[in-house]
Amino acid sequence: MVDPRDVEFSELPHVGPGNIEAFSGQLLDNVNTVEKDHLISGKFHFYKGNIIYGKINPQLAKYIWADFEGLSSADTYVLTTKSANILNQGFIFYLLQTRNFYKYSVSVSMRTGMPKINRSELDAYSFLCPQSPEQIKIVQTIKILDDLIAANEYNLKNALNIRGRLNLHLLT
């Protein structure tokens, strides 16, 4: 953990579970800098390519694959592989989105007053892992689908905006 009051971190983004959209792997538009959030307690330093996973309330399925450096809340885990030749970061990111992982994370988190998955429970999750080339192909394929979904959502939002302006123009 690092001290967010250290000036070297002041302009970095701060990400916590409240900044991550449930079940989507996407950041919300409410991310502030460390300085703007006036942070005082220890945070995790993460780097581009790391995965941020919300450990509190795993039933909300909050995770991102960071494309930037920043600090994350103590209510998250920063996940990174020890060897990309064995386990691909993207594969982990998409693994977190599977029904099997979701069921597991919820099942181990419900024994206390506050639902939470402990690091040892997260590390104990067992799954089949294809060879690295197949992992890469899986990640590339799902990424293409995610990009298509994002483009269609963007186009839909724009079309609805245009329709709304047209309705306003025609009805006034």
With a cutoff of under 4.5 Å between side-chain heavy atoms, which Ile, Leu, Val, Met, Phe, Trp and Tyr residues group with [X]?
X	value
I162	none
L71	V2, F9, L12, V34, L39
I20	M1, V15, L27, V31, F44, F46, I52, I64, F68, V78

Please report the interatomic distance [atom1]([X]) to [atom2]([Y]), rounded to the nearest 0.5 Å.
X	Y	atom1	atom2	result
H38	N32	NE2	CG	9.0 Å
D146	Q26	CG	CD	7.5 Å
Q135	I86	CD	CD1	9.5 Å
T81	Q89	OG1	CD	4.5 Å
T80	I92	OG1	CD1	7.0 Å
S107	E121	OG	CD	8.5 Å

Side chains of [X] and [Y], heavy atoms from C-beta outward: is any pair under 4.5 Å?
X	Y	result
L87	C129	yes
I136	N88	yes
N161	K157	no
F127	F91	yes
I51	L96	yes
I138	P130	yes

Any donor-acceptor N/O pair, N57 side chain to Q59 backbone, under 3.5 Å
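Checked: no pair found.
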Look only at the side chain of S109 and the backbone of S105, and say whether a donor-acceptor pair between them is shorter than 3.5 Å.
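Between the backbone of S105 and the side chain of S109 there is a qualifying donor-acceptor contact (under 3.5 Å).
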How far apart are the closest heavy atoms of [X] and [Y], and which atoms are they?
X	Y	value
A22	L60	CB-O, 3.0 Å
W65	G90	CH2-CA, 3.2 Å
A74	G42	CB-O, 4.1 Å
P58	K55	CD-O, 3.8 Å

Could you note down all residue pairs passing side chain to side chain donor-acceptor pair (under 3.5 Å) where residues 39-48 supplies at least one of them, sequence neighbours left out?
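Residue pairs passing side chain to side chain donor-acceptor pair (under 3.5 Å), neighbours aside: S41-K43, H45-Y47, H45-E69.
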Could you note down all residue pairs passing salt bridge (Lys or Arg N to Asp or Glu O under 4.0 Å) where residues 19-35 supplies at least one of them, sequence neighbours left out?
none
R99 meets the side-chain contact (heavy atoms from CB on, under 4.5 Å) criterion, sequence neighbours left out, with K103
Walk me through whether L122 and L79 qualify under side chain to side chain contact (heavy atoms under 4.5 Å, CB included).
CA-CA 10 Å; L122 183 61; L79 307 178; 3.7 Å; yes
Applying side-chain hydrogen bond (donor to acceptor under 3.5 Å, both in side chains) to T98 and not counting sequence neighbours gives none
Between Y77 and N118, is any side-chain donor less than 3.5 angstrom from a side-chain acceptor?
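Side-chain D/A pair, Y77 to N118: absent.
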So, using salt bridge (charged side-chain N to carboxylate O under 4.0 Å, His left out) as the criterion, who are the partners of [X] when residues are at least two apart?
X	result
D147	K143
D3	R5
R119	D123

With a cut-off of 6.0 Å (strictly less than), are more than 12 heavy atoms of other residues, nucleotides or ligands near CD1 of I40?
no
Are the ring centres of F101 and Y125 closer than 6.0 Å?
yes
ring-ring contact (aromatic ring centres under 6.0 Å, His included) contacts in which one or both residues fall within residues 133-155, not counting sequence neighbours
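Every candidate ring-ring contact (aromatic ring centres under 6.0 Å, His included) pair involving residues 133-155 fails, so no pair, neighbours aside, qualifies.
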Qualifying ring-ring contact (aromatic ring centres under 6.0 Å, His included) pairs, either residue in residues 10-34, two or more places apart:
F23-Y102
In terms of ring plane angle, is the pair F93 and Y63 parallel, tilted or perpendicular, where the classes change at 30° and 60°?
perpendicular
